[in-house]
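Everything on this sheet refers to the single structure shown next.
The sequence lines fix the lettering, A, B, ..., with proteins before strands; numbering per chain opens at 1. Since the model is a prediction, treat every value here as computed from it, not as a measurement.
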Protein chains: 2
Amino acid sequence: MDLYGGRGYEQTTVAEIAKRAGLTERTFFRHFSDKREVLFAGSHELEQAMVAAVEEAPADASPLAAAMAALERIAEFFAERRPHSRRRQAIINANPELQERERNKLASLSVSLAYALRERGVSESRAILAAEMAIAIFKLAFERWLEDAKQRDMLYHVRSALKDLKSVALS
Amino acid sequence: MDLYGGRGYEQTTVAEIAKRAGLTERTFFRHFSDKREVLFAGSHELEQAMVAAVEEAPADASPLAAAMAALERIAEFFAERRPHSRRRQAIINANPELQERERNKLASLSVSLAYALRERGVSESRAILAAEMAIAIFKLAFERWLEDAKQRDMLYHVRSALKDLKSVALS
DNA sequence: TATACTGATGTCAGAAGCTGACATCAGGGG
DNA sequence: CCCCTGATGTCAGCTTCTGACATCAGTATA
């Protein structure tokens with residue numbers, strides 16, 4: 001992140017990263033499939049936590065409510081990491097390739113959530129749509145949370161986005 | 001598409017594509033920024049048509065209704081292209097890098113739709129969410145349309161997905 | 001204690017994607 | 001007939017990423 005932030009993502013070479021870590025270029029590629037992947041290493045854990053939240057949601061919760069449980073579950077995770085998240089996001093926002101990868105991660109997350117919803121007996125179409133809506137809410141809430149001058153927490157923004165989404169869907 | 005379909009995306013080299021077209025590798029990269037971009041060349045026109053549909057939607061249409069107008073506008077475009085679309089999608093589905101790019105295009109489309117909605121006076125949050133919902137509907141409808149044994153048209157699947165989305169949002 | 005195994009790392013060579021700089025060439029306008 | 005422009009070719013080179021093989025440290029096991 002120091003290097004990507006300092007000289008820019010494109011300008012920093014894998015060789016530099018490896019050297020900075022006291023390792024070889026080859027070793028870098030054994031740990032990360034991609035030059036981009038370094039920035040997204042932790043995303044798998046987050047995904048698992050969210051899936052678990054869906055699985056543990058009350059049996060009578062609606063698909064959307066169950067998907068929202070996933071967002072509420074991770075809301076606290078972000079609380080202490082605002083500075084880190086801002087730095088990271090600034091790097092991603094500065095480079096299309098990284099945004100591409102980020103969208104990929106969110107898409108993968110959406111698929112996992114939809115699968116977890118299906119396991120709850122939700123129909124395929126409705127599971128997919130509920131998951132996509134949850135992701136849309138997450139993206140919006142995350143963006144708002146990062147730039148919120150009042151520093152309201154993630155939960156606030158998630159709920160605010162959900163409210164907007166419902167009003168839009170009904171109109 | 002012949003090459004990507006035949007030998008697979010990864011196995012085909014840009015040199016081969018260029019040779020097949022009777023051109024140079026260098027020329028290929030002057031026409032397409034990427035090896036992937038060949039498959040997504042036409043997407044800009046589609047995006048513009050959809051934006052136009054949003055702009056031309058009745059002034060009293062809700063944000064979601066305006067976004068849906070974009071989907072209805074292009075529904076007929078796909079009608080004659082089902083064989084081509086299937087072939088193309090099979091190639092994309094077989095390769096993660098291409099899926100990544102496809103998601104990128106849809107994200108770009110979402111941003112454009114949201115912008116067009118904003119121009120209609122919709123608030124930022126609601127514009128973003130309406131656009132995202134439209135994209136979610138499009139993705140689902142497109143998938144269903146491709147695999148529909150009954151060959152019902154795109155419009156049918158778009159409307160069916162919209163109905164599901166509304167029911168999920170309300171639950 | 002010696003040996004074998006395992007996992008992480010290093011070394012090396014090379015393919016493929018992509019870019020910059022410069023040359024060429026065809027067609028259109030003055 | 002000349003000049004300009006846009007598209008293409010040529011070439012050199014960087015960077016990402018991969019496969020194959022070597023090394024080395026720690027650990028289990030005989």
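Neither A:Met68 nor A:Tyr156 shares a network with the other; the hydrophobic side chains, linked directly or stepwise wherever heavy atoms of I, L, V, M, F, W or Y lie under 4.5 Å apart, form separate groups for each. Residues A:Ile137 and A:Val51 do not share a hydrophobic cluster, defined by chaining ILVMFWY side chains whose heavy atoms lie under 4.5 Å apart.
Atom CD in A:Glu10 sits about 17 Å away from atom P in D:dC14, given to the nearest Å. Between the CD atom of B:Glu37 and the P atom of C:dC18 there is a distance of 11 Å, given to the nearest Å. Summarising the geometry, the separation between CG on B:Asp34 and C1' on C:dT19 is reported as 13 Å, rounded to the nearest angstrom. We find that CZ of B:Phe29 is positioned 13 Å from P of C:dG20, with the value rounded to whole Å. Rounded to a whole Å, the CZ atom of A:Arg7 is 13 Å from the C1' atom of D:dT15. Separating the CZ atom of B:Phe32 from the P atom of C:dC18 is a distance of 13 Å, rounded to the nearest angstrom.
Pairs of residues two or more places apart, or lying in two chains, that qualify as salt bridge (charged side-chain N to carboxylate O under 4.0 Å, His left out) and include a residue from residues 46-58 of chain A are A:Glu56-A:Arg73. Sorted by first then second residue, the salt bridge (charged side-chain N to carboxylate O under 4.0 Å, His left out) pairs that include residues 154-171 of chain B, not counting sequence neighbours, number zero.
In this structure, A:Tyr4 belongs to a hydrophobic cluster whose other members, linked by side-chain heavy atoms under 4.5 Å apart, are A:Met1, A:Leu3, A:Tyr9, A:Val14, A:Ile17, A:Phe28, A:Phe29, A:Phe32, A:Val38, A:Leu39, A:Phe40, A:Ile91, A:Ile92, A:Leu98.
Atom CZ of A:Arg101 sits about 6.0 Å away from atom CG of A:Asn104, to the nearest 0.5 Å.
Side-chain N/O atoms of B:Ser171 and A:Arg126 include no donor and acceptor closer than 3.5 Å.
Using a 4.0 Å cut-off between charged side-chain N and carboxylate O, A:Arg87 and A:Asp2 make a salt bridge. Ion pairing between a basic and an acidic side chain is recognised when a charged N comes within 4.0 Å of a carboxylate O; B:Glu16 and B:Arg7 show such pairing. We find that A:Glu37 and A:Lys105 are joined by a salt bridge, their nearest charged nitrogen and carboxylate oxygen being less than 4.0 Å apart.
Of all the residues in residues 89-103 of chain B, not one reaches under 4.0 Å from DNA chain D with any non-hydrogen atom. Applying a 4.0 Å cut-off to non-hydrogen atoms, none of the residues of residues 11-21 of chain A approaches DNA chain C.
Side-chain N or O atoms of A:Arg82 include one that pairs as donor or acceptor with a backbone N or O of A:Leu146 at under 3.5 Å.
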Treating primed atoms plus P, OP1 and OP2 as sugar-phosphate and everything else as base, which nucleotides of nucleotides 7-13 of chain C get B, S or - for protein heavy atoms under 4.0 Å?
--BBBB-
